[in-house]
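The structure appears below as structure tokens.
Indexing begins at 1, ligand by ligand and atom by atom, following the structure's order. None of these values were measured; they are calculated from a predicted model. Only heavy atoms go into these numbers, but all of them, side chains included; no hydrogens, no water, no symmetry mates.
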Amino acid sequence: MSFPERPINLLVTGGCGFIGSNFIRLLLGDGSPGMPVKSLVNLDKLTYAGNLENLVEIADDSRYQFVKGDIADAELVARVLEKNLIDAVVHFAAESHVDRSILDSSPFVQTNIVGTQILLDAARSADIKRFVQVSTDEVYGSLGDEGFFTEQTPLAPNSPYSSSKAAADLLVRSYCHTFNFPGIITRCSNNYGPFQFPEKLIPLFISNARNERSLPVYGDGKNVRDWIHVSDHCKGVAKALWQGKPGEVYNFGGRCELQNIRLTELLLELLDKPKSLIQYVKDRPGHDLRYAIDCSKAEADLDWSPEITFEQGLKETVDWYLEHEAWSSRILSGEYQKYYQQQYGEALSSD
Ligand code: NAD
Ligand code: TYD
């Protein structure tokens, strides 16, 4: 049965990051799939990857409220859930970059595992009706040249990032099994689109190429990722929230496999920059070879499918980053965070 029959009060965690901010814009925008939301609280710690500027145009929406805080702060999370009569949680908040997890896994364990456990306990106490755990195809490990990840593929994460996400997924699974908790897990392939922190491949390479800096391709560049536009992923998460079945896992992918080197060449073509900017560098330790998603379950059960072609999406994404060069600079320098701190101090951090 679909959930619910009325507009809901929703808690989104990590809504100031790349995918979370696109998701909030989708839900509060005109083309929102599913029921309209009655209220939406965005709980975000504003780490290096979270930025209020990503949501500037909806900051004054009367249905929207921002709370600066940590999902691992049990008291705060309980207060937010109770005070706002939250019906459902969509959980994006995470440390999300594989390379950072290789340098230091502790924030990944703290936020992705401990934070999720604290959120789950609070959500259970508050008797919420849906909890969507936004996860990644990386929990399945790495594929060879053939085959696809399905929802039945055993979890075999290879990086500290993906293992922390797999641990969180298993906690959600166990809460569904043990407590009849209404959790739903979504696992998506590599997202691209506007507002992605410029440490990930596509925005980093656009920024470097634009500034005539080299593009560091790891290893031989033959690793394969399946790319999906962030708006297609967000529509999938919304469908999982409203139509998904508690206890189920749904894979989302773009049906768009590309070797990193081919993607790099496409970016250079779109930017009209020479291939001489490509620089092969030392491989990422433990670098997964290939990710590819079978999303037929989401297509059949959620009536979802990726709509944006890679050709169209990549072109629009390149144009967006070119038009928002100042955004990238501010994000990278942390200027907006400094501005926020100066303007509001901790005043906006309470719920
Ligand atoms: P991101 O790094 O851009 O954003 C993460 C957000 O979480 C930031 O706003 C950050 O401030 C916030 N955050 C981090 N720690 C927090 C904490 N302890 N408490 C509260 N907020 C905290 O990440 P993203 O790329 O938008 O990814 C969002 C989710 O989607 C993650 O769970 C990620 O694992 C998953 N995912 C990402 C991709 C991808 O390609 N980017 C693909 C599949 C799944
Ligand atoms: P990334 O955007 O970090 O996403 P993920 O590791 O979650 O897939 O990387 C995408 C692919 O691009 C991955 O195979 C690693 C590779 N890569 C590079 O070759 N150079 C880079 O500078 C970065 C950031 C990634």
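Each of the atoms 13 (C), 14 (O), 15 (C) of ligand 2 lies under 4.0 Å from some heavy atom of H287. Taking every heavy atom of V217 and a limit of under 4.0 angstrom, the matching atoms of ligand 2 come to 19 (O). Distances below 4.0 Å separate heavy atoms of N260 from the following atoms of ligand 2: 11 (C), 12 (O), 13 (C), 14 (O), 16 (C). Less than 4.0 angstrom separates some heavy atom of H97 from each of these atoms of ligand 2: 3 (O). Interface atoms of ligand 2 facing E199, defined by a heavy-atom separation under 4.0 Å, are 24 (C).
Under the 4.0 Å criterion applied to side-chain N and carboxylate O atoms, D226 and R290 are not assigned as salt-bridge partners. With salt bridges taken as basic N to acidic carboxylate O contacts below 4.0 Å, none links D104 and R100. Salt bridge present: D127 and K129 bring a charged side-chain N and a carboxylate O closer than 4.0 Å. Under 4.0 Å is where a charged nitrogen must lie from a carboxylate oxygen, and between E299 and K239 no such pair does. A salt bridge links D87 to R6: one of the charged nitrogens lies within less than 4.0 Å of a carboxylate oxygen. Between E248 and R130 no salt bridge is recorded (no basic side-chain N to carboxylate O distance below 4.0 Å).
Judged by the 6.0 Å and 45° rule, K297 forms a cation-pi pair with Y250. In this structure, R187 forms no cation-pi arrangement with F149, as its terminal cationic atom is not both closer than 6.0 Å to the ring centre and no more than 45° off the ring axis.
Ligand 2 has a nitrogen or oxygen under 3.5 angstrom from a nitrogen or oxygen of R225. Here's the thing with D44: one of its N/O atoms is less than 3.5 angstrom from an N/O atom of ligand 1. Between N191 and ligand 1, at least one pair of N/O atoms sits closer than 3.5 Å. Of the polar atoms of A72, none of the N or O atoms is found under 3.5 Å from an N or O of ligand 1, judged by distance alone. Residue-to-ligand polar distances place G17 within reach of ligand 1: an N/O pair is separated by less than 3.5 Å. When only interatomic distances are considered, the shortest N/O to N/O separation between N190 and ligand 1 does not fall below 3.5 Å. Of the polar atoms of S96, at least one N or O is found under 3.5 Å from an N or O of ligand 1, judged by distance alone. Between L204 and ligand 2, a contact under 3.5 Å exists for no N or O pair. In terms of N/O distances under 3.5 Å, ligand 1 is not approached by K200. The distance criterion of under 3.5 Å between nitrogen or oxygen atoms is not met by C188 with respect to ligand 1. Residue H233 has no N or O atom closer than 3.5 Å to an N or O atom of ligand 1. Considering backbone and side-chain atoms together, H91 places no N or O closer than 3.5 Å to any N or O of ligand 1.
The closest approach between any non-hydrogen atom of P107 and ligand 1 is not below 4.0 Å. Residue contact annotation: Y161 has a non-hydrogen atom under 4.0 Å from ligand 1. Using 4.0 Å as the threshold, T13 has no heavy atom nearer than that to any atom of ligand 1. Put simply, no part of S21 is less than 4.0 Å from ligand 1, judged by heavy atoms. The shortest separation from a heavy atom of G15 to ligand 1 is not under 4.0 Å, leaving the residue out of contact. Under the 4.0 angstrom criterion for non-hydrogen atoms, F92 is in contact with ligand 1.
Scanning the protein for heavy atoms near atom 20 (N) of ligand 2, the closest one is P216 O, 2.7 Å. Distance from atom 19 (O) of ligand 2 to its nearest protein heavy atom, with residue and atom name: Y218 N, 2.9 Å.
Of all the listed residues (G14, G115, A94), A94 holds the heavy atom that lies closest to atom 5 (C) of ligand 1. For atom 6 (O) of ligand 2, the nearest non-hydrogen atom from the set R284, E138, R290 comes from R284. Closest to atom 2 (O) of ligand 2 by heavy atom, among D99, L201, V98, D137, is L201.
The aromatic rings of F195 and H324 sit tilted, their planes meeting at an angle between 30° and 60°.
Only the side chain of F205 comes within 4.0 Å of ligand 2, counting heavy atoms alone; its backbone N, CA, C and O stay farther away. Counting heavy atoms under 4.0 Å from ligand 1, residue N112 does not touch it at all. Under 4.0 Å from ligand 2, the heavy atoms of N190 that appear belong solely to its side chain.
Ring pair Y218/Y280: centre-to-centre distance not below 6.0 Å.
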